[in-house]
A.B. asks: 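Take this structure first; my questions come after.
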Amino acid sequence: MTKKREKTLAAWDKQYVWHPFTQMKDWLAEEPLIIERGEGCFLIDTEGRRYIDGVSSLWVLVHGHGRQELLRALEEQSKKLCHSTLLGLANPPSILLARRLAQIAPAGLAKVFYSDNGSTSVEIALKMAYQYWQQHGLKERRRFLTFRNAYHGDTLGSVSVGGIDLFHKVYGPLLFKTYKAPSPYCYRCPLRLKPEDCGLGCVEIFETMVKQHRDELCAVILEPSVQGAAGMIVQPPGFVAAVRRIAKEQGVLFIADEVATGFGRTGAMFACLAEGVSPDFLCVAKGITGGYLPLAATLTTEAVFEGFLAEFEEFRTFFHGHTYTGNPLACAVALANLDLFDSEGLIRKVGKRAAALGAMLERFEELSHVGDVRQRGLMAGIELVKEKRTKRPFGPAECVGQRVIMEARRRGVVIRPLGDVIVLMPPLAIEEETLATLVDVVYESIRRVTEA
Ligand code: PLP
């Protein structure tokens, strides 16, 4: 691309585009990085510079950019049908994908409701759970129990069940009320317990809350295994299974939001599977198309589905649907994505790469401003602190996380922090050598910024 064209694009970006989760005052003061191409695990900017895609283009990329198998599936489907509605019609890719999802999901999830992003997949689960109880004669079951530090998306329903004050507080007056159980954030345990002998004290509190409110609860919602957006907060082993068991014992529905953890990120196809958990709802998006097209799905059980079957005039229909629900292009790519999981034995490879990543992350503990290193599968978070002994955080004005990622960018790595947690979420198919470079750059960037 010519210098002139590049400058024009940068100017038009500033003139016309409002970027998500971005303080635009800062954005307008800087030169934007404009990504023109992707190749495997690399992003390439308009000047031809290459960067490792260290957060999988916001946690979506599975097999890398430009995989021919996925592009072929897209092209072949595009010659047949690019879109047709699921409101009153069906199409082959959405049928085949629903069947495939039901086969790979935890047992009992038999029905698939499509949408096009993670927030809507959660919104759908919330509305279904609510309507299910309304139609079940238990009209007082209107509340949800969620966890502090939860993130389930940006629509008002999904924000209502969220628990990150920085993102959610300002919308408080617009949200519905939820009960919030303690977050299993072991590094900063809200109960001031030590993980070695805490006996999952947070689960005990959760259980008490569910028992206390069971008659008003529609559902419990959890990001199983890792609270991602809160800073890769990894749950202790047994946590997901315990939450599921308690919800079941108390007759409350359980929603597993696997928008981030689904499709192999944590080392299992779905994080629930690693703890033998079958939820009543499974929300998936992000990796479902390998990161090529927007698509999401909410899976649920026959029992929930049957609660909506009735004569039309009883109005038990699930009155919800998006224009692009079940888009055939996205579904065709999702099918090709799942084929690649199988043909490449990817889940097994993720286990190996995750072990390699774990070993590479060990030396970060030596750095004087690394408070905690958390990892599950190919999801990792490095929490930076001002003072290691007291775990005192850096002040927000110090912008330490942001400074680290800018340093990494100069060294050929694109990552995005969550506050002062440096996130590593490489494509599942990353080569070990590229993974090692990514980790080295991040190490050096943290060292440069925090120890200078
Ligand atoms: N749920 C979880 C657990 C997520 O991590 C996210 C996004 O990061 C969402 C929901 C929202 O997904 P989307 O950004 O596609 O709306």
Side-chain angles (χ1 to χ4, degrees), residues 19-22 54-62 113-127 129 144 146-164 166-168 171 175 178 183-185 219-235 239-240 243 254-266 268 270-272 277 279 281-299 320 322 324-325 327 330 333-334 374 376-381 415-419 421 423-425:
H19 289 260
F21 280 94
T22 301
V55 286
S56 298
S57 290
L58 216 57
W59 313 0
V60 297
L61 205 63
V62 176
F113 195 99
Y114 290 111
S115 59
D116 37 41
N117 63 77
S119 309
T120 51
S121 75
V122 169
E123 206 74 36
I124 287 161
L126 300 176
K127 285 176 73 178
F144 292 88
T146 178
F147 290 83
R148 296 210 175 274
N149 289 320
Y151 178 77
H152 297 291
D154 296 334
T155 54
L156 287 176
S158 56
V159 168
S160 294
V161 291
I164 302 181
L166 176 66
F167 304 160
H168 300 149
Y171 304 110
L175 308 179
T178 59
S183 165
Y185 189 2
V220 165
I221 178 164
L222 172 72
E223 294 156 83
S225 193
V226 184
Q227 287 186 310
M232 300 295 142
I233 296 174
V234 174
Q235 294 153 24
F239 185 84
V240 184
V243 166
F254 175 54
I255 303 170
D257 174 356
E258 294 229 29
V259 168
T261 53
F263 300 98
R265 286 281 154 197
T266 64
F270 298 104
C272 280
V277 161
F281 297 91
L282 180 75
C283 305
V284 293
K286 291 198 185 277
I288 188 170
T289 60
Y292 283 42
L293 285 173
L295 181 70
T298 308
L299 280 75
H320 187 114
H322 301 281
Y324 282 102
T325 290
N327 174 258
V333 174
R374 305 184 273 271
R376 184 143 296 155
L378 285 177
M379 297 175 86
I415 46 175
R416 191 176 158 84
L418 290 161
V421 177
V423 173
L424 292 185
M425 188 107 115

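Note that the numbering runs from 1 along the sequence shown for the chain. Both ligands and their constituent atoms are indexed starting at 1 by order of listing.
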A.B. asks: When you measure from the side chain of Glu258 to the backbone of Leu282, do you find a donor-acceptor pair of N or O atoms at a distance under 3.5 Å?
C.D. replies: no

A.B. asks: For ligand 1, which atoms sit closer than 4.0 Å to a heavy atom of Asp257?
C.D. replies: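 Listed by number with element, the hits are 1 (N), 2 (C), 3 (C), 10 (C).
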
A.B. asks: May I ask you to check whether Glu223 has an N/O atom sitting below 3.5 Å from an N/O atom of ligand 1?
C.D. replies: no

A.B. asks: How about Ile415 and Leu424: do any of their side-chain heavy atoms sit closer than 4.5 Å?
C.D. replies: yes

A.B. asks: Can you tell which of Thr178, Thr146, Val243 makes a side-chain contact (heavy atoms from CB on, under 4.5 Å) with Ile221?
C.D. replies: Thr146

A.B. asks: Considering Pro294, Ala260, Ala150 one by one, which has a heavy atom nearer to atom 5 (O) of ligand 1 than any of the others?
C.D. replies: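 That would be Ala260.
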
A.B. asks: Indicate yes or no: at least one non-hydrogen side-chain atom of Leu299 is less than 4.5 angstrom from one of Val284.
C.D. replies: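 Sidechains of Val284 and Leu299: in contact.
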
A.B. asks: Would the distance check show the side chain of Ser119 and the main-chain N or O of Asp154 forming a donor-acceptor pair, the cut-off being under 3.5 Å?
C.D. replies: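 A pair under 3.5 Å: yes.
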
A.B. asks: To which of Gly118, Ser121, Gly162 does the heavy atom nearest atom 12 (O) of ligand 1 belong?
C.D. replies: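 Shortest heavy-atom distance from atom 12 (O) of ligand 1: Gly118.
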
A.B. asks: Report, in ascending order of atom number, the atoms of ligand 1 lying under 4.0 Å from any heavy atom of Lys286.
C.D. replies: 7 (C), 8 (O)

A.B. asks: Return yes if a side-chain donor-acceptor contact under 3.5 Å exists between Thr261 and Arg376, otherwise no.
C.D. replies: no

A.B. asks: Give yes or no for whether the N/O distance cutoff of 3.5 Å, strictly under, is met between Gly153 and ligand 1.
C.D. replies: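 There is no such contact.
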
A.B. asks: Would Asp257 and His152 count as a side-chain hydrogen bond (donor to acceptor under 3.5 Å, both in side chains) here? Give the steps.
C.D. replies: CA-CA 7 Å; Asp257 174 356; His152 297 291; 2.7 Å; yes

A.B. asks: Which protein heavy atom lies closest to atom 6 (C) of ligand 1, and at what distance to 0.1 Å?
C.D. replies: Tyr151 CE2, 3.5 Å

A.B. asks: Between Pro224, Ala285, Pro20, Ser119, flag the one that comes closest to atom 11 (C) of ligand 1 by a heavy atom.
C.D. replies: Ser119

A.B. asks: Got a sec: does the CZ of Phe167 have more than 12 other heavy atoms crowding it under 6.0 Å?
C.D. replies: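 Counting neighbours around CZ of Phe167, more than 12 heavy atoms of other residues, nucleotides or ligands fall under 6.0 Å, so yes.
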
A.B. asks: What protein heavy atom lies closest to atom 9 (C) of ligand 1? Include the residue and the distance to one decimal.
C.D. replies: Val259 CG1, 3.7 Å

A.B. asks: Under 4.0 Å from ligand 1, counting heavy atoms only, is it the side chain of Trp59, its backbone, both or neither?
C.D. replies: side chain

A.B. asks: Side chain, backbone, both or neither: which part of Glu258 has a heavy atom under 4.0 Å from ligand 1?
C.D. replies: neither

A.B. asks: Which atom names give the shortest non-hydrogen contact between Gln227 and Ser183, and what distance separates them?
C.D. replies: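 Smallest interatomic distance, heavy atoms only, reads OE1-OG, 2.8 Å.
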
A.B. asks: Could you check which of His152, Glu123, Gln227 puts a non-hydrogen atom nearest to atom 10 (C) of ligand 1?
C.D. replies: His152

A.B. asks: Distance under 4.0 Å to a non-hydrogen atom of Asn117: what atoms of ligand 1 satisfy this?
C.D. replies: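 Close to Asn117: 15 (O), 16 (O).
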
